[in-house]
Amino acid sequence: MTEIERQNPEVRELLLQARRPANHGPAAWEKELPVLTLLHLTDPHGAAEELKRIALYAGEMEGLFEDMLCTGDMVRRYFHTGYGFWKEAGCEKVMVCVGNHDALNDPDYNWDDRVPQKTLAATFFEPYAPLWGGVEYTPGTTYYCKRYPAHKIDLIVLNTMLEDADDPAQLSFCREKLDRARADGCGVVIGAHDTSRAPQEVVPCRFSCLDRPVEPPCGPGLRRHYQEAVDAFMKAGGEFICYLGGHGHRDYLCFDPAFPRQFYLLGPAVDMWKGNRHGDADRRADAKSRDAFNFVSFERGTGVVKIIRVGADRDHFLRHRGVLCFDYKNGKVLYED
C-alpha cells in the first residue's frame, strides 16, 4: 500500500460512490451514461518526489478513474530548468497542458518572452502524446482533444500562453471540436492552466480559498474569444461542463462575471513549497498534507461535477475540503464535506 492510500483510506470508497450514476427507477442507473473520472493535478513545479508518489498511487487506484491530467506549470521556474524529471517520476501517461512557467523563456520573469510553440510541442507533447490513449493531436502544436465515447464527453486541452500568431489555429481547432461535440451530443470539459484576465467571482464553498482573490494570469490568460466560442456552443444547445485549471496554487470554484455559466475548478499546487508559499494550508513532508490533488467525476445524467480531495484537506480556518458536489447546469453547490 502506498503512503498516499494509507493516509487517505476513505478515497477508494468515495470514488466507488462518485462513479455510480443516479438511479431514477429500478436498476435505471445501469442505463445511464457512465461517470467519467479524471485524476486532476496541477502546478507540480518540478516536485519530482511528489509526482512519483502520485504516479505510484495512481497505479494502485487503477480502474477507479479513466485518465490523469496535469494543468500546467510542470517545470520548476522557467522552461530551461528542464523536464527530465517527468519521465523519471513515471508520469509519461499523464496528459498535460502548458502553464505560464512552462512557456517562460526569460529567467527574470518577463512573461512576454515566451518559448516558441514548436519547442514546447517537442518537449511536452510529441514524446508523450502517443501514450495518452487516442488523443487527437497534431505534432508541432500544444493543444489537443480526447473523446470518451462511452461517457459522451470530450476533453479539449488548450494553451493559454500562445503567441498571437499561433492563436488563430488553436481557436479554429477549439471551435471545430465544440461544433462536433454539439452535433454528436457530447458534453465538453476544457483543460487550461489559468482563467481569463477578468477579476473572477468566487462561488462560496469550502473548496474556495478565503484568503485572497483568484490569481490573475501571467501572460494572455484564457482569451475572451474562447469564452465566446463556448458561449455560442452553449446557446446552440451544447453542454459545457467546466474548465479544469490551476495557476494560483490554491483551490477555487469561480467564474468570469461576463460568462456566468462557465465555471472554473482550480486545483492546489502539487509542489509542497509552492502550496505553503501561496496556499491557505500548512503543508508538511511528514504528514497527509504533503500531497494535494483531486479526483474529479463528471456525471452528465444529473449535470453534476463531484470533487474528491486527496491529501491536504483542511485550510487554516479548519474547513474540511473532502468532497464537493456541484450542479454545473444551475450553478449550485449540492453538497460539501
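We're numbering straight along the sequence, starting at 1.
Between Phe295 and Tyr57, the angle of the ring planes lies from 30° to 60°, which puts this pair in the tilted group. Relative orientation of the His193 and His247 rings is perpendicular, given thresholds of 30° and 60° on the angle between their planes.
No close placement of the Trp86 and Phe124 rings is indicated, their centers lying 6.0 Å or farther apart. The ring of Tyr243 has its center no closer than 6.0 angstrom to the ring center of Phe263. Ring centroid separation for the pair Tyr83 and Phe85 comes in under the 6.0 Å cut-off. The aromatic ring centres of Tyr252 and Tyr264 sit 6.0 Å or more apart. Annotation: Trp111 is in aromatic contact with His101 [ring centroid separation under 6.0 Å].
Of the options Arg321, Arg206, Arg314, Arg319, a salt bridge (Lys or Arg N to Asp or Glu O under 4.0 Å) to Asp251 is made by Arg321 and by none of the others.
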*Could you go through the side chain to side chain donor-acceptor pair (under 3.5 Å) check for Gln262 and Asp256 one step at a time?*
CA-CA 7 Å; Gln262 298 183 30; Asp256 181 330; over 6 Å; no

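Taking every heavy atom of both residues into account, Val157 and Cys97 meet most closely at CG1-CB, 3.2 Å.
Salt bridge present: Asp282 and Arg284 bring a charged side-chain N and a carboxylate O closer than 4.0 Å.
When the ring-ring contact (aromatic ring centres under 6.0 Å, His included) test is applied to His24, no partner is found at least two apart in sequence or on another chain.
Membership of an apolar cluster is not assigned to Trp29, as no side-chain contact below 4.5 Å to another ILVMFWY residue is traced.
Using modelled atom types and a 3.5 Å distance limit, the side chains of Asp313 and His320 yield a donor-acceptor pair. In this structure, a donor-acceptor pair under 3.5 Å is absent between the side chains of Thr2 and Glu5.
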